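The structure presented is a predicted model; accordingly, all values stated were derived computationally and were not measured. In each ligand, atom 1 is the first atom listed, and ligand 1 is the first ligand listed.
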Amino acid sequence: MADTLTLRRPDDWHVHLRDGALLQAVAPATARQFARAIVMPNLSPPITTVAAARAYRERIHAAAGAGFTPLMTAYLTDDTDPAELERGQAEGVFTACKLYPANATTNAAAGVTDLAKLERVFETLQRIGLPLLIHGEVTDAAVDVFDREEVFIERHLAPLLQRHQGLKVVLEHITTAEAADFVRAGGPRVAATITPHHLHINRNAMFRGGLRPDFYCLPVAKRERHRRALVAAATSGDPTFFLGTDSAPHPRSAKESACGCAGIYNAPFALESYAAVFEQEGALQRLEAFASEHGPRFYGLPLNEGTITLERCDQLVPQRLGEGDLSLVPFHAGELLSWRLA
Ligand code: NCD
Ligand code: ZN
């Protein structure tokens with residue numbers, strides 16, 4: 001068994017870097033592992049303008065240091081002006097835009113209430129080739145929380161792709177076999193990101209021995225058969241699927257509360273976490289394509305030049321990172337991971 005694994009430097013195609021002190025605390029973890037990252041715009045208030053994205057990009061640069069490129073996204077609302085998206089792309093600020101159904105997740109209150117309101121936006125995105133990134137869950141309270149992704153695909157995503165046959169779409173953080181099948185069948189303009197946590201845990205993790213907020217995220221983890229389908233998709237070599245951690249830090253006080261926030265903080269050990277899954281599947285030779293090639297090819301960006309090396313070496317993931325208001329519980333807390341970023 002090889003003791004080192006050298007990969008072209010990877011990118012994270014879905015991350016939450018937050019702002020202020022939390023940004024300072026978490027940005028270095030992402031920058032240590034990844035050359036670039038698609039940065040989610042769900043701040044409060046959300047990043048809806050070119051000016052706000054430019055200013056946020058500067059704050060990320062300051063927190064992450066040189067050698068890391070944040071790729072900015074625009075948060076879509078019912079009132080998004082397509083001209084702002086076009087200008088943001090032309091000025092090299094927006095790499096994509098993000099659709100949150102209103103109230104689907106953290107800071108999604110200003111999200112889209114009805115896709116019909118965005119027809120002009122979708123026409124513009126298609127014309128200028130700016131990818132649409134989607135949080136694919138319905139918010140209909142009558143739909144069971146574990147079915148919301150599948151129902152979103154049927155009710156909203158399939159018709160949207162039908163209406164706009166040239167729109168480039170990433171279904172973010174997929175959690176179901178149905179989503180993997182749908183994206184696989186969608187041709188080269190449809191792709192999906194897959195998180196480390198959805199490859200490792202099923203929904204039982206949230207209830208093992210008691211209520212475990214550290215395993216709660218949105219879309220929520222599903223049954224084991226879905227986890228198996230995601231592992232098969234991620235390790236298959238299919239360019240439709242690529243790395244997106246959805247690292248979503250919330251301070252412990254916000255997770256361990258009567259109404260705990262959704263989100264798993266996986267950035268510090270993300271590559272090690274993915275490597276564990278690929279190794280279990282006997283697919284380590286396909287990790288590089290998933291982590292470093294499929295994403296840039298979909299986005300039409302160059303592959304990174306540098307490399308990173310993972311070495312086989314047990315490391316114990318700490319129970320907590322940071323202090324006080326910034327105390328965070330990393331994914332895999334208290335577990336041994338058998339690869340380590342050199
Ligand atoms: C994300 C967050 O906290 O911003 N939470 C999560 O559970 N993934 C939002 C999101 O991506 O849904
Ligand atoms: Zn996210």
Arg18 near ligand 1 by a heavy-atom separation under 4.0 Å: yes
Residues His226, His198; criterion ring-ring contact (aromatic ring centres under 6.0 Å, His included); working and verdict: CA-CA 9 Å; His226 295 292; His198 291 114; over 10 Å; no
Test of proximity, Gly263 against ligand 1: N or O pairs below 3.5 Å: yes
Arg203 to Phe146, cation-pi by 6.0 Å centre distance and 45° axis angle: yes
Contact check: His135 to the Zn ion (ligand 2), N/O/S below 2.8 Å: no
Atom of His16 nearest the Zn ion (ligand 2) (restricted to N/O/S, atom name only): NE2
His14 backbone or side-chain N/O/S under 2.8 Å from the Zn ion (ligand 2): yes
Residues Thr4 and Glu311: side-chain donor-acceptor under 3.5 angstrom: no
Any His173 heavy atom less than 4.0 Å from ligand 1: yes
Proximity of Ala248 to ligand 1 by residue part, where a heavy atom lies under 4.0 Å: side chain
Within reach of ligand 1, part of Asn42 (heavy-atom separation under 4.0 Å): side chain
Glu172 backbone or side-chain N/O/S under 2.8 Å from the Zn ion (ligand 2): no
Ile264 N/O to ligand 1 N/O under 3.5 Å: no
Test item, Glu172 contacting ligand 1 (heavy atom, 4.0 angstrom): no
Pair Phe331 + Tyr265: ring centers closer than 6.0 Å: no
Cation-pi check, Lys255 onto Tyr216 ring (under 6.0 Å, within 45° of axis): no
Name of the residue among Glu137, His197, Lys222 meeting side-chain hydrogen bond (donor to acceptor under 3.5 Å, both in side chains) with Thr175: Lys222
Tyr299-Trp13 aromatic ring centre distance below 6.0 Å: yes
